[in-house]
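When reading the values below, keep in mind they use all heavy atoms of this one structure, side chains included, and skip hydrogens, waters and symmetry mates. The sequence lines fix the lettering, A, B, ..., with proteins before strands; numbering per chain opens at 1.
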Amino acid sequence: MPDVPRFRFAPSPTGMFHVGGARTALHNWALARRLGGTFVLRIEDTDAARNRPEWTQGIIDALAWIGISSDDSHFEGPHFQSEYAAAHLEAAQRLFDAGCAYYCDLTGDEVQQRAKELGVSGYGAWSRDRGLGPGPGRVLRFRVPGGTTVVHDLVRGDVSFDNAAIEDFVLVRGNGAPVFLLANVVDDIEMGITHVVRAEEHLPNTPKQQMLWEALGHEPPVWAHVPVLVNEQRKKLSKRRDKVALEQYRDEGYLPEAMVNYLMTLGWTPPGAEERGSEIASWAEMEGAFRLEDVNTSPAFFDIKKLAAFNGEYIRALSLDEFVRLAEAELPDDWDRDRFAAIAPHIQQRLTTLKEVPGVVDFLFLPDGADVAIDDASWAKAFQPDWAVPLLSDVIDAYGSVEWTADALKTALEQVMETYDIKLGKAQAPVRVAATGRSVGPPLFESLEVLGRGETLRRLRVAHERAAGAGAAGGG
RNA sequence: GCCCCCAUCGUCUAGUGGCCUAGGACACCACCCUUUCAAGGUGGCGGCACGGGUUCGAAUCCCGUUGGGGGUGCCA
């Protein structure tokens, strides 16, 4: 009778959720669901400094954001490593009783000192046969057996380690607290974990953990080590130097679906991507096809540019209603929602992130009577041609009585520009800068329609006055 | 130092001995479209790290070199 596969995701709270962690969580999640198994969340909070409730909540929230939540029947947890402290110590005792571990009274400094004097590397197993019992300050070390440990890894195949190169590692600290290696294995055994899917950086730990599983009388789980995510310098993504917090991307207006899709493409290709000419795929498609055996073995560069491209695609794919709803969350409270809804369809296809929304429409939400902030470079270019000022003057006249719709506004400008024998692309420039302050932005006539006749005319007049004045001063 | 992993366009990848004069995506460039900017369309640039084998045949298998990364804690 085959057991239900049990995967686990075991982050330690650090105050932010690493994108690399998000990816391995996604891998575990996809497998747990596709195989009808369970995704077990365990918070590794043994280190007292990492035991902050708000940090734990941060992990739960981050997981929920990428679609991994306790609402789903495949989700189990959160469990807390600290709750298994008794089991850790009990396991340590069993290991000692069975002769698989021994006590050692050398401090870290002493070990280093001796290694240096004797010219050996690592711990020299000095206390192996001293028959020491437990005592204050004494650590419990694992007695690494001879031979070779072979790790069967779903991503990498068989990886073998010569046990002679593995030192007798510490299981329990001098203060009686178990270390990660032991706690991790004991927890996995206690929770009936069958698959350990994690990042490659843990591969060197694996032979040690496998020996522990065996010494504790259990079959090791299925191992899988996915490649690490790296930065431009090809170094592992780190909290210190790289932008790795999932929360930060969320706050910058990335959609969770885009983030999830992008993360899954690192080291793996969604089904049919080549035929479709696109790596964009739904979670259902990816979940249905994801296999560890298909995951690449080399490190992947976390490319924000590509993430941004994915995000743009996802924003464009939103229904208008959904887009408006999400975009409104980025707007200042006092901005008129109806006014935003009117311009929304014209900006949706021009965005990379939701965070950009206020910046592209802010000219529509100025306080009464306030002048637009004019971008100097845009102004200089728009009013460079001789025809700019007279054209603006004509536009002001025409816009005084034209029907106030985008189409009519466009037609009116087209009539005006004929006199000057210029194309719309050029003719719209002075009007755009006058009304919006910038040379780029949402489609002009649609923007003016939303702005309204009164305010549009006011801004055009202010600009005309300024441009005409400058022209006169410059000419004289 | 020691242990382990990795090596296809700038980047992410497809490729598991002949379908590869190596395919797709992002980025970049050009053109088209166009109401600025995007989006969209078309096209382009660009890669199997190197050296030996094995084989009728190698991006694919083996060995070596070089390069990169990870780990080497009484952190997790």
Sub-3.5 Å pairs of nitrogen or oxygen atoms, protein against nucleotides 62-65 of chain B:
none

Please produce a list of atom pairs where a protein N or O lies less than 3.5 Å from an N or O of nucleotides 40-48 of chain B.
none

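Of all the residues in residues 200-208 of chain A, A:Glu200, A:Glu201, A:His202, A:Leu203, A:Pro204, A:Asn205 reach under 4.0 Å from RNA chain B with at least one non-hydrogen atom. For the segment residues 440-447 of chain A, residues with any heavy atom less than 4.0 angstrom from an atom of RNA chain B are, sorted by number, A:Val440, A:Gly441, A:Pro442, A:Pro443, A:Leu444, A:Phe445, A:Glu446.
Shown here are the side-chain hydrogen bond (donor to acceptor under 3.5 Å, both in side chains) partners of A:Arg234, two or more places apart in sequence or in another chain: there are none. Not counting sequence neighbours, A:Phe80 has no partner by the ring pair (Phe, Tyr, Trp, His ring centres under 6.0 Å) test. Scanning for salt bridge (charged side-chain N to carboxylate O under 4.0 Å, His left out) contacts around A:Arg198 gives an empty result, with sequence neighbours left out. Under the side chain to side chain contact (heavy atoms under 4.5 Å, CB included) criterion, A:Asp394 pairs with A:Val416, A:Tyr420, sequence neighbours left out. The ring pair (Phe, Tyr, Trp, His ring centres under 6.0 Å) check on A:Phe363 picks up nothing, with sequence neighbours excluded. Taking A:Glu90 as the reference, A:Arg94 meet the salt bridge (charged side-chain N to carboxylate O under 4.0 Å, His left out) condition, with sequence neighbours excluded. Residues that satisfy the ring pair (Phe, Tyr, Trp, His ring centres under 6.0 Å) test with A:Tyr314, not counting sequence neighbours, are absent from this structure.
Within 4.0 Å of A:Gly277, counting heavy atoms only, lie sugar-phosphate atoms of the nucleic acid but no base atom. Counting any heavy atom pair closer than 4.0 Å across all strands shown, A:Ser160 reaches sugar-phosphate atoms only and no base atom. Note on A:Arg234: only backbone sugar-phosphate atoms sit closer than 4.0 angstrom, heavy atoms only; bases stay farther off. Residue contacts shown for A:Ala309 are limited to sugar-phosphate atoms, with no base heavy atom under 4.0 Å away. Within the nucleic acid shown, A:Lys410 comes within 4.0 Å of at least one base atom, counting heavy atoms only.
Applying the salt bridge (charged side-chain N to carboxylate O under 4.0 Å, His left out) test to residues at least two apart or on different chains, the pairs with a partner in residues 433-442 of chain A are A:Asp362-A:Arg438.
Annotation: A:Phe39 is not in aromatic contact with A:Phe7 [ring centroid separation under 6.0 Å not met].
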